[in-house]
Amino acid sequence: DSVISTMQDKINSEKMKTELITNISHDIKTPLTSIINYVDLLNHETDESENKRYIEILEYNAKRLKTMVIDLIYASKTGTGNIDIEMEVVELNELVLQVYGQFDSDFNKLGLECDVVNDNIILKFSNVSKNKIEVSAEELMGQFVRGERSRHSEGSGLGLYIAKNLIELLGGTSKISIDDDRFIYEINFKVTRKKKVK
């Protein structure tokens with residue numbers, strides 16, 4: 001049983017690596033192909049207004065490509081724990097008040113909740129997806145996963161994976177629950193109180 005389990009783990013690991021490479025290639029190829037094509041168009045275009053439009057598209061795709069590469073780096077660093085984390089004591093009440101003051105209307109629209117239960121602070125983000133969510137909550141927390149299987153939407157699919165890794169490196173936990181097109185992302189941190197000086 002032990003040998004079979006080890007072999008299955010290796011097979012699953014290889015499968016994940018293959019899927020990872022396929023997804024990276026697919027996601028990077030799209031903006032890169034667009035950049036190459038528009039550079040070619042730009043080299044042959046004489047109309048100034050068209051040139052300006054091509055440059056805007058080039059800038060958009062270059063920034064998109066840069067974001068993907070940065071996401072890949074963070075996914076790799078957080079996934080292996082190879083990132084410097086500076087733990088500091090924060091005045092939570094003050095921090096929460098500042099954030100609420102700045103984003104209160106946005107939070108109300110998006111359904112952000114914050115509760116303190118026992119000695120845990122729990123943040124809940126509720127949002128509605130444009131499309132029906134076609135993957136499980138567990139799958140959504142993985143690398144290169146989006147809410148719909150067709151992969152037509154933009155983004156690297158690494159956001160939740162990076163967030164989950166960072167939260168765990170900071171000593172917290174996170175989970176997702178899904179109800180059709182709505183998902184709730186919950187973050188849980190243990191409250192560490194300052195020791196009073198006598």
Side-chain angles (χ1 to χ4, degrees), residues 20 23-24 27 31 59-60 62-148 153-198:
L20 181 70
N23 289 333
I24 291 171
D27 286 344
E59 183 181 16
Y60 167 78
K63 285 179 179 176
R64 189 175 158 206
L65 192 58
K66 180 183 176 184
T67 299
M68 286 181 184
V69 171
I70 289 169
D71 282 352
L72 277 171
I73 292 166
Y74 273 109
S76 174
K77 284 184 173 183
T78 59
T80 59
N82 185 23
I83 190 167
D84 293 329
I85 300 291
E86 291 185 26
M87 304 294 277
E88 290 184 13
V89 174
V90 295
E91 292 293 341
L92 190 61
N93 289 342
E94 186 179 327
L95 178 63
V96 170
L97 285 171
Q98 285 176 0
V99 173
Y100 267 122
Q102 191 171 357
F103 299 105
D104 187 43
S105 60
D106 292 332
F107 286 172
N108 287 331
K109 281 184 211 168
L110 297 174
L112 173 74
E113 302 166 37
C114 180
D115 297 313
V116 176
V117 180
N118 298 323
D119 276 334
N120 293 298
I121 183 160
I122 300 167
L123 296 165
K124 290 182 184 176
F125 299 85
S126 175
N127 207 351
V128 177
S129 173
K130 290 179 185 175
N131 308 301
K132 183 178 177 182
I133 299 171
E134 299 172 340
V135 297
S136 70
E138 188 179 342
E139 286 177 294
L140 266 179
M141 298 295 270
Q143 299 181 62
F144 298 98
V145 178
R146 300 188 187 112
E148 39 83 31
S153 60
E154 289 189 11
S156 64
L158 289 168
L160 288 174
Y161 174 76
I162 293 169
K164 174 181 173 285
N165 291 338
L166 284 172
I167 289 162
E168 287 175 0
L169 287 168
L170 291 166
T173 59
S174 62
K175 67 178 183 180
I176 290 179
S177 54
I178 297 171
D179 181 15
D180 195 29
D181 62 350
R182 176 176 290 278
F183 70 93
I184 298 169
Y185 188 54
E186 183 178 308
I187 303 169
N188 191 321
F189 285 105
K190 189 84 174 168
V191 176
T192 304
R193 302 183 190 280
K194 270 192 198 177
K195 290 181 181 176
K196 290 184 179 178
V197 180
K198 292 181 181 178

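- When every heavy atom of Ile162 is checked against every heavy atom of Asp71, the shortest pair comes out as CD1-O, 3.4 Å.
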- Message: Working note: Ile83 + Leu166, criterion side chain to side chain contact (heavy atoms under 4.5 Å, CB included); need CA distance, chi angles, decisive distance, verdict.
- Response: CA-CA 9 Å; Ile83 190 167; Leu166 284 172; 4.3 Å; yes

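- Shortest non-hydrogen contact noted between Phe183 and Ile176 is CB-CG2, 4.3 Å.
- Atom-to-atom distance recorded for Ile167:CD1 and Lys175:NZ is 13.0 Å, nearest 0.5 angstrom.
- Closest heavy-atom contact between Tyr185 and Ala163: OH-CB, 3.7 Å.
- With rounding to the nearest 0.5 angstrom, the OG1 atom of Thr67 is 11.0 Å from the CG atom of Leu72.
- The CG atom of Asn118 lies 7.5 Å from the NZ atom of Lys190; values are rounded to the nearest 0.5 Å.
- The distance from the CD1 atom of Ile73 to the CE atom of Met68 is 14.0 Å, given to the nearest 0.5 Å.
- Atom NZ of residue Lys63 and atom CD1 of residue Ile70 lie 12.0 Å apart, to the nearest 0.5 angstrom.
- Interatomic distance, Asn120 CG to Ile187 CD1, rounded to the nearest 0.5 Å: 13.5 Å.
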